[in-house]
Chemist: 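Would you mind keeping the following structure in view while I ask a few things?
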Amino acid sequence: MTTALKTIKSLAPLLDRVLVQRIKADAKTAGGIFLPDSAVKELNEAKVLAVGPGMMNKEGKRIAMGVSPGDKVLIPQYGGSPIKVGEEEYSLFRDHDILAKINE
Amino acid sequence: MTTALKTIKSLAPLLDRVLVQRIKADAKTAGGIFLPDSAVKELNEAKVLAVGPGMMNKEGKRIAMGVSPGDKVLIPQYGGSPIKVGEEEYSLFRDHDILAKINE
Amino acid sequence: MTTALKTIKSLAPLLDRVLVQRIKADAKTAGGIFLPDSAVKELNEAKVLAVGPGMMNKEGKRIAMGVSPGDKVLIPQYGGSPIKVGEEEYSLFRDHDILAKINE
Amino acid sequence: MTTALKTIKSLAPLLDRVLVQRIKADAKTAGGIFLPDSAVKELNEAKVLAVGPGMMNKEGKRIAMGVSPGDKVLIPQYGGSPIKVGEEEYSLFRDHDILAKINE
Amino acid sequence: MTTALKTIKSLAPLLDRVLVQRIKADAKTAGGIFLPDSAVKELNEAKVLAVGPGMMNKEGKRIAMGVSPGDKVLIPQYGGSPIKVGEEEYSLFRDHDILAKINE
Amino acid sequence: MTTALKTIKSLAPLLDRVLVQRIKADAKTAGGIFLPDSAVKELNEAKVLAVGPGMMNKEGKRIAMGVSPGDKVLIPQYGGSPIKVGEEEYSLFRDHDILAKINE
Amino acid sequence: MTTALKTIKSLAPLLDRVLVQRIKADAKTAGGIFLPDSAVKELNEAKVLAVGPGMMNKEGKRIAMGVSPGDKVLIPQYGGSPIKVGEEEYSLFRDHDILAKINE
């Protein structure tokens with residue numbers, strides 16, 4: 001999806017949505033040679049940029065989100081809503097679709 | 001959908017529906033040249049014009065809507081019910097289908 | 001569906017069903033020339049003729065209907081059960097399928 | 001479905017099932033000429049012959065049926081289980097599939 | 001399904017399953033002439049041979065079955081699990097799939 | 001599925017799963033002649049080897065299983081997860097998919 | 001899925017997810033000859049490396065996981081999210097998709 005957004009920071013996810021950006025594989029080989037873009041494999045690791053307030057349960061209370069901004073996470077290969085701001089690509093996932101946190 | 005509506009203002013969404021209008025990309029290049037209509041990419045940003053009173057939960061209370069008239073929001077690429085009033089196009093989405101609010 | 005009904009008034013919708021009749025577009029151009037039937041676009045505005053008593057919730061109470069007889073409403077492009085009485089066509093929709101009320 | 005039933009009266013619908021018989025269109029034109037069977041359009045009006053005791057809710061109480069034997073009703077174009085007793089055809093519908101009552 | 005069962009009486013349906021055997025149409029014409037097997041139409045009437053103890057509701061209580069052994073019932077045209085014991089054919093249905101009881 | 005299991009006895013089904021082994025039809029005709037393997041029809045009778053502890057209901061209590069190790073049961077024609085240990089084949093079914101117990 | 005992970009140990013499954021690694025069949029025949037990789041059949045046994053904290057029930061309490069790190073389990077033939085770290089392959093399953101524990 002193309003947007004007129006000037007900065008991704010103005011995007012506030014609703015409900016249980018999580019805004020992430022895929023982490024790009026290093027475009028440099030071990031020997032220091034830069035690879036063309038098409039040779040860089042897309043990874044399924046992403047950084048959480050923003051999270052929604054959570055879904056509401058039947059009593060009207062927010063269900064706590066499983067991830068927080070700044071978390072490194074593993075996202076599924078498919079799914080999510082792609083968002084493009086300028087040249088950068090982002091995705092919105094539901095909280096329960098995030099597979100795992102990556103602790104470093 | 002074609003309507004005989006004279007003004008979109010007479011439309012009051014029911015339940016958790018949200019009436020939005022897509023924001024058009026600027027039809028002018030940086031250099032100030034106007035682009036023909038087909039060259040203007042459709043964005044997924046929209047302005048909320050009206051919202052319904054919300055769905056009712058099992059106790060018969062209205063569930064609060066996540067967006068309000070005037071909000072700028074990110075809508076999904078597909079889905080929603082298109083409405084045409086004169087030359088203008090609008091869409092009705094369910095509240096939980098709106099992806100994110102855009103804060104400016 | 002063809003019926004032997006003499007008048008649509010004898011039809012009492014059950015549960016949360018809403019009996020509507022599509023509003024026909026004006027078959028006259030601005031200049032006052034009458035258009036042939038096939039040139040009149042079908043609109044998605046309808047008038048509510050009758051409503052059912054509402055679905056029952058789990059406690060056995062009726063859930064209030066969102067629309068009332070006399071309301072002008074926006075109906076979805078597809079769906080609903082068509083009914084024909086004489087030359088007139090009507091439709092039955094579920095209450096939650098009605099998109100919006102039209103206030104005039 | 002073909003049955004060995006001698007009379008439809010021996011059929012007692014279970015749960016929320018409704019036994020109906022379609023009302024045949026008058027096989028006579030306005031001028032009094034009888035039409036061959038294939039020229040008589042099938043109507044969607046039916047007479048309720050028998051109703052089941054109703055589904056049970058989670059507390060084990062029967063949910064009241066919306067129609068009663070003797071009611072004239074509007075049935076959907078498709079669906080239902082057809083039953084044939086001798087030359088006569090009947091149908092079993094679920095209570096919530098009956099569209100409307102016809103008051104005369 | 002072929003079984004090694006010696007008698008269908010050793011089969012005890014589980015949960016809300018109902019063991020039935022289709023009633024065969026009379027293989028004799030009104031004039032007393034026996035018809036070959038292929039000319040005998042399959043009926044949808046069946047005799048209930050055994051019933052399970054019923055499904056359990058959320059409180060862990062059994063939900064009463066709608067039919068009992070010995071009942072004559074109307075079964076749907078399709079569905080059910082076929083069972084063959086020797087030359088005889090039987091079927092297992094869920095209780096709520098049985099359409100009607102036949103009272104004689 | 002092929003496994004490295006040395007014995008099926010080391011397999012402990014989880015939740016409401018039931019480990020069964022199909023009972024083979026007698027590979028000998030009434031006259032005592034042994035039939036080749038392909039002539040032996042697959043039966044739908046099975047012996048229960050092990051059962052899981054049961055699903056948990058919403059209050060966190062285990063729902064009792066309908067079958068026990070040692071039971072002879074009727075299993076559906078299709079479904080289940082096949083498991084191979086050496087030359088032997090087994091299947092895992094959910095408790096509610098088992099059709100009937102066989103009492104001998 | 002390809003990842004930039006340096007070690008699988010930094011992966012913390014969310015909700016009811018279970019991180020497993022398939023157990024490889026012995027690449028050596030009984031006679032001690034090593035088999036090429038393509039001749040080693042993929043098994044459905046796996047070792048549990050890490051488990052999530054469990055799903056939350058409607059009261060907001062965690063539902064206990066059925067398996068623990070170190071468990072040997074039987075996984076379904078299909079499904080799960082594959083993860084690749086260096087040359088090693090792992091999978092993420094939901095807790096209720098794990099078929100059985102293997103006790104040795």
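This one's a predicted model, so the numbers in the text were calculated from it and none came from an experiment. Chain identifiers are assigned alphabetically (A, B, ...) following the order of the sequence lines, protein sequences preceding nucleic acid strands; residue numbering begins at 1 within each chain.
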Chemist: Once rounded to the nearest 0.5 Å, what's the spacing between atom CG of F:D97 and atom OG of E:S81?
Modeler: 10.0 Å
Chemist: Rounded to the nearest 0.5 Å, what's the gap from CG on F:D95 to CG on E:L15? Could you check?
Modeler: 6.5 Å
Chemist: Closest heavy-atom contact between F:H96 and E:R17?
Modeler: O-NH2, 2.6 Å
Chemist: Heavy-atom distances under 4.5 Å only: say whether F:D71 touches chain E with side chain, backbone, both or neither.
Modeler: neither
Chemist: Using 0.5 Å steps for rounding, measure from the CE atom of E:M56 to the CG atom of F:N57.
Modeler: 10.5 Å
Chemist: Can you tell me how far the OG atom of E:S10 sits from the NZ atom of F:K101, to the nearest 0.5 Å?
Modeler: 13.5 Å
Chemist: Rounded to the nearest 0.5 Å, how far apart are OG1 of E:T7 and CD1 of F:I102?
Modeler: 11.5 Å
Chemist: Which heavy atom of F:A100 sits nearest a heavy atom of E:P13, and at what distance?
Modeler: CB-CA, 3.8 Å
Chemist: Under 4.5 Å from any heavy atom of chain E, what part of F:V73 do you find: side chain, backbone, both or neither?
Modeler: neither
Chemist: At a 4.5 Å cut-off on heavy atoms, which part of E:L92 comes close to chain F: side chain, backbone, both, or neither?
Modeler: side chain
Chemist: Do E:L14 and F:L99 have side-chain heavy atoms sitting under 4.5 Å apart?
Modeler: no
Chemist: Examine whether an atom of E:L5 lies under 4.5 Å from a heavy atom of chain F, and if so say whether it belongs to the side chain, the backbone or both; otherwise answer neither.
Modeler: both
